[in-house]
Colleague: 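One structure, pasted below without further comment.
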Amino acid sequence: MQTLQTTSLRVVENKLWILDQQALPQQKNWLPADNTEALVGHIHALRVRGAPLIGLSASLLLALLAEHGMTRDALGQALEVLRAARPTAVNLMNNLDRMKQALTQPDFVAALGAEALRLVQEDRELCERIARAGSELVTPGSRLLTHCNTGGLATAGVGTALGVIARAHEAGKVANVWVDETRPLLQGGRLTAWELGELGVPYQLITDSMAASLMAQGQVDAVWVGADRIAANGDVANKIGTYSLAVLAKFHNVPFYVAAPQTTLDPACPNGAAIPIEQRSAAEVTGVAGSFGAVQWAPENARVYNPAFDVTPAALISGWVLDSGVVTPEDVANGRFAG
Ligand code: MRU
């Protein structure tokens with residue numbers, strides 16, 4: 001396969017490498033992901049994360065395994081193992097459905113390689129279109145609030161919600177970005193803060209519990225988030241804490257936008273209640289770990305509830321910004337996402 005580089009994925013000499021998103025921003029470690037077990041481990045540990053990126057990494061690995069001589073049957077099994085690596089983000093399933101189709105071709109090695117590269121290129125273009133459509137909605141002087149990380153680290157391109165913010169900043173419209181730190185794994189504090197710094201976008205980091213008082217003071221003009229899955233009725237699964245932001249935004253009359261590519265749509269899923277929500281380990285809530293070390297503050301035997309995502313009902317969403325443009329609540333009520 002040709003050499004490939006995104007913010008957090010690399011293919012060099014037919015080998016897949018990932019930028020460890022658990023070590024950023026203090027350390028920039030590129031780790032090999034050259035077999036199914038290794039990539040599944042990286043996905044579980046969120047070293048590879050973000051809905052689009054998970055799907056792209058799995059697709060690239062399958063293509064590389066095929067080039068390295070893995071049989072069609074073994075590739076089919078590897079594909080199913082990868083499909084189960086993260087249950088909520090539907091981009092993984094959507095990408096792997098396309099890879100599964102390529103696997104049925106007579107020259108499946110070439111077909112898988114071409115399809116994986118196509119998915120990467122498409123994701124770049126989808127991000128660009130989302131960013132441009134979304135930045136039109138940003139009014140000059142905006143103070144925007146975002147949650148989790150939806151930037152170049154989480155996609156092959158400029159990102160989704162963070163791509164919108166980046167393009168709006170280029171157009172001189174962003175006064176400040178409030179970055180939710182995003183407990184428990186701190187994707188905002190670690191990754192979004194780093195990306196915005198690299199892009200030169202003015203930001204201030206806040207803990208998740210500070211958004212309410214900022215909105216009450218009139219200091220937030222719009223909320224922009226990404227999505228891991230959009231159901232047919234417009235409900236959205238995204239990083240835990242997104243739903244509370246949407247409730248707050250509604251109460252304070254702040255527009256709440258979801259930015260996502262078409263690979264995040266799941267027309268077969270009727271509503272948010274049908275979206276599987278990944279439950280994660282207690283250790284993520286009883287303490288914190290990263291390149292800085294690990295610390296536990298809760299009692300050893302503390303019982304923990306740790307869902308990785310929550311569901312925001314469509315009724316709280318002002319607009320869904322896709323690569324095809326802005327989808328309004330009226331469009332959604334008229335079945336725009338129902339396939
Ligand atoms: O658990 P994560 O870090 O993979 O969660 C990521 C999110 O919730 C993002 O908002 C979503 O995947 C969209 S990334 C463009």
Side-chain angles (χ1 to χ4, degrees), residues 6-9 18-22 24 42-58 85-95 123-124 126-131 134 145-166 179-195 208 223-230 236-246 256-266 272 275-281 284-285 290 306-312 317 320-323:
T6 74
T7 307
S8 54
L9 290 179
I18 62 108
L19 179 59
D20 181 356
Q21 297 200 39
Q22 276 295 359
L24 277 175
H42 291 324
I43 293 172
H44 283 167
L46 269 70
R47 289 186 284 270
V48 172
R49 52 150 297 282
L53 193 82
I54 294 168
L56 299 176
S57 63
R86 262 201 118 180
T88 305
V90 79
N91 312 61
L92 175 64
M93 295 73 171
N94 284 340
N95 283 189
D123 187 68
R124 287 193 175 118
L126 297 173
C127 285
E128 200 50 55
R129 290 205 287 271
I130 294 164
L145 191 149
T146 192
H147 190 64
C148 198
N149 174 268
T150 59
L153 287 167
T155 65
V158 67
T160 59
L162 213 59
V164 169
I165 291 171
V179 177
D180 246 6
E181 70 174 355
T182 317
R183 277 286 292 153
L185 290 174
L186 307 171
Q187 291 93 329
R190 296 169 193 255
L191 306 175
T192 300
W194 178 71
E195 281 202 61
D208 299 357
V223 178
W224 282 89
V225 297
D228 283 77
R229 193 183 295 227
I230 301 176
V236 167
N238 193 51
K239 178 53 51 191
I240 190 77
T242 302
Y243 172 46
S244 20
L245 283 176
F256 182 93
Y257 295 111
V258 174
Q262 45 159 298
T263 48
T264 310
L265 295 176
D266 186 2
I275 300 176
I277 301 293
E278 179 187 1
Q279 298 290 324
R280 294 185 58 89
S281 98
E284 293 177 351
V285 177
N306 186 18
F309 303 95
D310 57 25
V311 172
T312 299
I317 299 171
W320 295 252
V321 180
L322 307 182
D323 42 282

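Whatever order the structure lists ligands and atoms in, that order sets their numbers, starting from 1. All values derive from a computational prediction rather than experimental measurement.
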Colleague: Looking at ligand 1, does any of its N/O atoms fall within less than 3.5 Å of an N/O of G226?
Modeller: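 So ligand 1 has no N or O lying under 3.5 Å from an N or O of G226.
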Colleague: Suppose I only count heavy atoms of C148 and a 4.0 Å limit; which atoms of ligand 1 are within that range?
Modeller: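 Contacts of ligand 1 toward C148, numbered from 1: 3 (O), 5 (O), 6 (C), 7 (C), 8 (O).
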Colleague: Please check whether D228 reaches ligand 1 - meaning an N/O of the residue sits under 3.5 Å from an N/O of the ligand, judged on distance alone.
Modeller: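 Min N/O separation from ligand 1 is below 3.5 Å for D228.
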Colleague: Write out the residue and atom name of the closest protein heavy atom to atom 13 (C) of ligand 1, then the distance separating them to 0.1 Å.
Modeller: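 Among all protein heavy atoms, the one nearest atom 13 (C) of ligand 1 is A227 O, 3.5 Å.
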Colleague: Out of K239, E278, R49, who is nearest to atom 1 (O) of ligand 1 when you count heavy atoms only?
Modeller: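 Selected option, by shortest heavy-atom distance: K239.
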Colleague: State whether D208 and R183 are salt-bridged, where the test is any N-O pair (Lys NZ or Arg NE/NH1/NH2 against Asp/Glu carboxylate O) under 4.0 Å.
Modeller: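 Salt bridge between D208 and R183, a charged N being under 4.0 Å from a carboxylate O: no.
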Colleague: Is any side-chain heavy atom of V225 closer than 4.5 Å to one of T150?
Modeller: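 The answer is no; the side chains never approach within 4.5 Å.
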Colleague: Under a 4.0 angstrom heavy-atom cut-off, which atoms of ligand 1 come close to F309?
Modeller: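 In order of numbering, the contacting atoms are 1 (O), 5 (O), 8 (O).
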Colleague: Which atoms of ligand 1 have any heavy atom of A51 under 4.0 Å away?
Modeller: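 Answer for ligand 1: 12 (O), 14 (S).
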Colleague: Looking only at non-hydrogen atoms, which of N238, I240, V48, T160 approaches atom 9 (C) of ligand 1 most closely?
Modeller: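 Comparing heavy atoms across N238, I240, V48, T160, the nearest one to atom 9 (C) of ligand 1 lies in N238.
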Colleague: Run down the list Q187, R86, Q21 and name the one with the heavy atom closest to atom 4 (O) of ligand 1.
Modeller: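 When every heavy atom of Q187, R86, Q21 is considered, R86 comes closest to atom 4 (O) of ligand 1.
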Colleague: Between N238 and V258, is there a side-chain heavy-atom distance shorter than 4.5 Å?
Modeller: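 Not in contact.
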Colleague: Using side-chain heavy atoms (C-beta onward) and a distance below 4.5 Å, is Q187 in contact with L46?
Modeller: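 Touching, per the 4.5 Å side-chain cut-off.
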Colleague: List in chain and number order the residues that pass side chain to side chain contact (heavy atoms under 4.5 Å, CB included) with A193, two or more places apart in sequence or in another chain; answer none if no residue qualifies.
Modeller: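 Partners of A193 by the side chain to side chain contact (heavy atoms under 4.5 Å, CB included) criterion, ordered by chain and then number, come out as Y203.
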Colleague: Just by distance, do the side chain of R280 and the backbone of H44 share a donor-acceptor pair under 3.5 Å?
Modeller: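 Pair found, side chain donor or acceptor close to backbone of H44.
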Colleague: As an exercise, identify every atom of ligand 1 less than 4.0 angstrom from a heavy atom of L46.
Modeller: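 Reading through ligand 1 atom by atom, the close ones are 1 (O), 3 (O).
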Colleague: Surrounding CZ of F256 (heavy atoms of other residues, nucleotides or ligands, distance under 6.0 Å), is the total greater than 12?
Modeller: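 Yes - once you tally the heavy atoms of other residues, nucleotides and ligands closer than 6.0 Å, there are more than 12.
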